[in-house]
Amino acid sequence: MIQQANKVFESMEVKDVVSWNAMVTGYSQAGRFEEALGLFEKMREEKIELDVVTWSAVIAGYAQKGHGYEALGVFRQMQLCGSKPNVVTLVSVLSGCASIAALLQGKETHCYAIKCVLNYDWNDPGEDLMVINGLIDMYAKCKSTNVARLMFDSVAPSDRNVVTWTVMIGGYAQHGEENDALKLFSEMLQEGNSMKPNAFTICCALMACAHLAALRFGKQIHAYILRNRYESVMLFMENCLIDMYSKSGDIHAARVVFDNMQHRNSVSWTSLLTAYGMHGYGEEAIKVLDYMRVAGFVPDGITFLVLLYVCSHSGMVDQGIRFFESMHTEYSVTPELDHYACMVDLLGRAGRFGQALEFVHSMPMEPTAIVWIALLSGCRIHGNVELGEYAAAQLQELGSENDGSYTLLSNIYANARRWRDVARVRSLMKYSGVKKRAGCSWVQGKKGTATFYVGDRSHPQFEQIYKLLADLIQRIKAIGYVPETNCALHDVDDEEKGDLLFEHSEKLALAYGILVSTPGVPIHITKNLRVCTDCHNAFTYISMIIDNEIILRDSSRFHHFKSGSCSCRGYW
DNA sequence: GTAGGGTTAG
């Protein structure tokens with residue numbers, strides 16, 4: 001089509017700016033932005049007087065590709081040329097700012113909008129609303145959700161449209177304010193039938209559920225989708241549903257969604273593979289890979305990344321190595337930094353440190369922090385002090401120590417009972433000003449989510465929780481649990497106020513989960529960091545004396561505790 | 001006549 005249009009265009013004797021514009025946007029919309037830019041350049045060479053449509057089209061093209069800096073550059077040129085931006089231009093400029101989190105330029109655009117573009121016509125808020133929506137999105141994506149919310153609130157509820165709601169909900173969902181996202185989504189549904197969420201809105205809400213492992217809420221949204229006729233826009237939402245179910249611990253439901261899809265894309269397949277990977281179902285994932293090939297999807301770099309992740313978390317080391325080799329031999333996919341990091345993770349997790357180091361040294365690019373952190377965490381699992389120190393030194397050299405790497409090193413020393421070194425790491429951490437993130441666990445109860453920090457006594461039922469926990473600890477001690485207090489595996493993750501091993505956030509969450517559990521129904525717990533070794537051990541014992549399966553998601557993977565064993569089989 | 005906002009997997 002565009003080819004034919006181009007022929008006609010070239011045969012035209014007189015080309016006005018409108019026909020040039022049509023061609024620029026034609027190429028841009030056909031996904032051939034490079035050629036659109038070529039025409040744009042040609043327009044300038046031939047001294048065609050560019051109008052607001054030309055400029056807006058190019059800015060939009062950059063913004064849609066996520067190239068915010070280029071979009072802003074063109075916007076600047078536009079202003080220098082004296083062309084006057086309008087609502088359409090600003091919407092694209094704001095989208096460009098949002099894509100690169102350019103708060104300063106976003107604010108400048110905000111000022112410009114106030115001075116030159118917004119009408120403040122109360123009888124016709126429609127034009128302004130486009131810009132306001134763009135501003136809300138921009139502020140949210142620049143991590144200024146409070147400012148975004150002020151703008152959202154400043155729009156009269158009856159003037160808001162579905163995008164106004166979506167950008168605010170999505171802004172919360174993407175910046176760790178998932179509870180606010182879900183609160184706002186509920187509010188939106190209460191607005192009556194006038195404000196129906198669309199596929200975009202629902203994806204944002206499902207994303208928030210996935211982060212929180214809010215299975216109950218996610219199921220309600222699923223039901224809402226089925227009740228409300230979204231047949232024509234299912235693909236995105238179904239992909240989100242797969243992710244939501246698997247991150248909420250219900251891998252079966254994730255599979256059912258996948259199986260019932262009318263159409264699937266590569267995201268659908270990758271989501272399912274990731275789901276099996278997180279839960280440690282390596283064999284299942286390999287089967288999915290075969291189906292995927294049969295369905296005509298060719299594995300790409302991302303597929304292989306996920307496959308390596310799957311192998312790493314299922315202890316399928318040799319299979320992982322084979323995948324890595326077949327990547328370029330059979331599929332001509334070049335391994336990139338992330339693939340190497342994943343291989344180091346795989347080998348380190350399995351304790352094959354010689355091979356892991358060989359891998360690091362064979363990398364065609366400089367190893368970055370993620371590679372050393374992968375190695376360091378392998379050393380943590382297997383108590384390899386020497387190599388751990390080496391990896392930590394590399395991290396220090398790169399100047400990219402974070403709270404996680406300090407914690408890993410400290411735990412390696414603690415495991416080796418080298419308390420002086422533990423103390424040294426801690427003071428180093430204080431000295432360098434690295435703040436550790438607070439460990440935090442939450443559990444889904446019937447009346448919503450209960451969140452716990454270490455030593456947390458803020459829950460109304462804290463006395464019952466602590467009593468139950470003490471009782472559980474007594475009972476599992478009787479069947480062989482040995483707390484790691486004597487040798488005090490001081491988990492820097494959680495330890496701040498002294499020796500609070502028995503008051504770790506995940507233990508409190510579990511006690512509360514048991515308190516409110518229904519017999520036979522799994523208890524779902526989520527932790528923002530990795531589960532602590534002693535807690536993992538305690539959970540394993542506790543699963544022997546309660547009827548419920550314990551499904552724990554930590555920052556690394558899922559652990560299913562049942563009858564005295566954990567599904568991770570040590571690969572965490 | 002020609003330009004425009006918000007979504008998913010690692």
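Chain A is the first sequence line, chain B the second, and so forth, proteins listed ahead of strands; every chain is numbered from 1.
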Output field: ring centroids A/W165/A/F152 closer than 6.0 Å: yes
Select base, sugar-phosphate, or nothing to describe what A/M207 touches, counting heavy atoms under 4.0 Å on all strands. sugar-phosphate
Just to be sure I understand the rule, does A/V306 reach a base, reach only the sugar-phosphate, or reach nothing, if contact means heavy atoms closer than 4.0 Å? sugar-phosphate
Heavy atoms only, 4.0 Å cut-off, all strands: where does A/N161 land among base, sugar-phosphate and nothing? base
Please confirm whether the ring centroid of A/F558 lies under 6.0 Å from the ring centroid of A/H279. yes
Base, sugar-phosphate or nothing for A/A199? Non-hydrogen atoms, less than 4.0 Å. base
By side chain to side chain contact (heavy atoms under 4.5 Å, CB included), which residues pair with A/R293, not counting sequence neighbours? A/L289, A/D290, A/P299, A/Y331
Span of DNA chain B in contact with chain A (heavy atoms, under 4.0 Å): B/dG1 to B/dG10
Contact class for A/V162 vs. all strands (heavy atom < 4.0 Å): base, sugar-phosphate, or nothing? base
Aromatic contact, A/Y245 with A/H252 (centres under 6.0 Å): no
Any base atoms under 4.0 Å from A/V53, or only sugar-phosphate, or nothing? Heavy atoms, all strands. base
Applying a 4.0 Å non-hydrogen cut-off, can you work out what A/T166 is touching in the nucleic acid: base, sugar-phosphate, or nothing? base
Establish, yes or no, whether a centroid distance under 6.0 Å links the rings of A/W20 and A/F40. no
Describe the nucleic acid contact of A/D16 in one word from base, sugar-phosphate, nothing, applying a heavy-atom distance below 4.0 Å. base
Need one value for A/V87: base, sugar-phosphate or nothing, where a base atom within 4.0 Å counts as base even if backbone is also close, heavy atoms only. base
Have a look at A/Q174 and say if it touches a base, only the backbone sugar-phosphate, or nothing, with a 4.0 Å heavy-atom cut-off. sugar-phosphate
Over 60° means perpendicular and under 30° means parallel, so tell me whether A/H328 and A/F324 are parallel, tilted or perpendicular. perpendicular
Can you check whether A/Y62 and A/F33 have ring centres sitting under 6.0 Å from each other? yes
Name the nucleic acid region contacted by A/V18, choosing base, sugar-phosphate or nothing; use a 4.0 angstrom heavy-atom cut-off, strictly under. base
